[in-house]
Amino acid sequence: MLIDKNLLSRYGATTDFYKPKSIIFEEGDTPKYYYQIISGDIKLNHIDENAREVIISLLKTGDSICEFLLLLDTKYPVNAVVITESTIIKITKADFAKMLNSHPEIVLDVCKFISQRLHHNIIKTKNITSPFAQVRIKSMLNFFKDLNGNDKTDYSFAVPLTRQQLASITGLRIETVIRCIKKLDADKFLEIRQRKIYI
DNA sequence: CCATTAAATGGCC
DNA sequence: GGCCATTTAATGG
C-alpha cells in the first residue's frame, strides 16, 4: 500500500466498491480526491478518434490513481475504468494536502511512487515506439514480469492480460498480437499453456 | 444448456 | 500489419 489505510481513515477516508467496467472518473473531470486501490485492478484509458481503446496504464492493489494531478490544477487526461471488482479508498484533495503537511514521511513515499511511474512511462514510451511489433510485445511482456513477477525463472510468470489488452497497450491489432505471440512461443521466448501466456 | 467473451484462422489489401 | 468474416474454445449463469 502506498499510504497506510488507517492513516487515510484518520483523514476522513471513505471506501467505495466498484463492479467491473464501472468508471471512477473520466477524461475532463476535475480531480477532487486522492484514490488508492484496496483491492482489484483498474486501467487508465483513452478512446481514440477511431473509437479504439488505448490503455495508458494498469493499476493494481496498493497503487494510487493519478495522485500527481492533485498537486496541479488540471483535469484528468484519461478515464479510470475498473477491470475486476475493486474496493477503493479515497480522501478529498484538501484532506490529502493536510495529511502531507502533517506527515512529511508520506511525502517522500508519494514522491517515490510518482518517480517510479515516471520511470515506467519512459520505458514504455521507449518500447512502444519500436517499428517492430515483436519488439513492442516482447518488451511489454518483460516489463510486466519485472513489475509483477517475483519468480525470475523462465515461463514462471502467467501474464495477467488478454490478447486484446496487450493489443490496446502496444497499439497493435489483436490479430497481430495473437500471431506474434504464437511465433514467440515457437521461438521459445514464452510458452502458451491453455491459451495463457507464460514468460 | 445457451449466451457471452476471448482466442484463433484464413483471405485479402 | 491492419481489416473483416468466421470458427473455435472457455466461462458463467
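The chains referred to below are lettered A, B, ... by the order of the sequence lines, with proteins before strands, and numbering in each begins at 1.
Heavy atoms of other residues, nucleotides or ligands lying less than 6.0 angstrom from NZ of A:Lys21 number 12 at most. The 12-atom threshold is not exceeded at CG of A:Asn150, counting heavy atoms of other residues, nucleotides or ligands nearer than 6.0 Å. In A:Glu105, the CD atom is crowded: over 12 heavy atoms of neighbouring residues, nucleotides or ligands sit closer than 6.0 Å. Counting non-hydrogen atoms of other residues, nucleotides and ligands closer than 6.0 Å to NZ of A:Lys152 gives a total above 12. Other residues, nucleotides and ligands place more than 12 heavy atoms under 6.0 Å from the CG atom of A:Asp151.
Between the side chains of A:Asn45 and A:Glu53, at least one donor-acceptor pair of N or O atoms lies under 3.5 Å. There is no side-chain donor-acceptor pair under 3.5 Å between A:Thr84 and A:Tyr18.
With sequence neighbours left out, the side chain to side chain contact (heavy atoms under 4.5 Å, CB included) criterion links A:Lys90 to A:Thr14, A:Asp16, A:Tyr33, A:Tyr35. A:Phe143 is linked by a ring pair (Phe, Tyr, Trp, His ring centres under 6.0 Å) to A:His120, counting only residues two or more places apart in sequence or in another chain.
In this structure, A:Ile174 reaches neither bases nor backbone, as no heavy-atom distance under 4.0 Å exists between it and the strands shown. The residue A:Arg136 sits apart from the nucleic acid: no heavy atom pair falls under 4.0 Å.
Minimum atom distance to the side chain of A:Lys21 is reached by B:dT5, of the listed C:dC3, B:dA8, B:dT5. Each of C:dC3, B:dT5, B:dT9 was ranked by its minimum atom distance to the side chain of A:Ile178; first place goes to B:dT9.
Of the candidates A:Ile42, A:Leu44, A:Asp63, A:Ile169, A:Ser57 forms a side chain to side chain contact (heavy atoms under 4.5 Å, CB included) with just one, namely A:Leu44.
The stretch residues 155-163 of chain A touches DNA chain B through A:Thr162, A:Arg163, each having a heavy atom under 4.0 angstrom from the strand. Across residues 79-87 of chain A, not one residue has a non-hydrogen atom less than 4.0 Å from an atom of DNA chain B.
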Could you pull out the protein-nucleic contacts involving nucleotides 10-13 of chain B (nitrogen or oxygen on both sides, under 3.5 Å)?
{"from": "B:dG10", "atom 1": "N7", "to": "A:Arg179", "atom 2": "NH2", "distance (Å)": "2.5"}
{"from": "B:dG10", "atom 1": "O6", "to": "A:Arg179", "atom 2": "NH2", "distance (Å)": "2.8"}

Which protein N or O atoms sit under 3.5 Å from an N or O of nucleotides 7-13 of chain C?
{"from": "C:dA9", "atom 1": "O4'", "to": "A:Arg195", "atom 2": "NH2", "distance (Å)": "3.4"}

* **Criterion side-chain hydrogen bond (donor to acceptor under 3.5 Å, both in side chains) on A:Asn6 and A:Ser9, from CA distance to verdict** => CA-CA 5 Å; A:Asn6 299 317; A:Ser9 295; 5.0 Å; no
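A salt bridge links A:Lys98 with A:Asp95: the closest approach of a Lys/Arg side-chain nitrogen to an acidic carboxylate oxygen falls below 4.0 angstrom.
Dashed line: the shortest gap from a side-chain N or O of A:Lys182 to OP1 or OP2 of B:dT9 is under 4.0 Å.
The ring of A:Phe96 has its center closer than 6.0 angstrom to the ring center of A:Tyr34.
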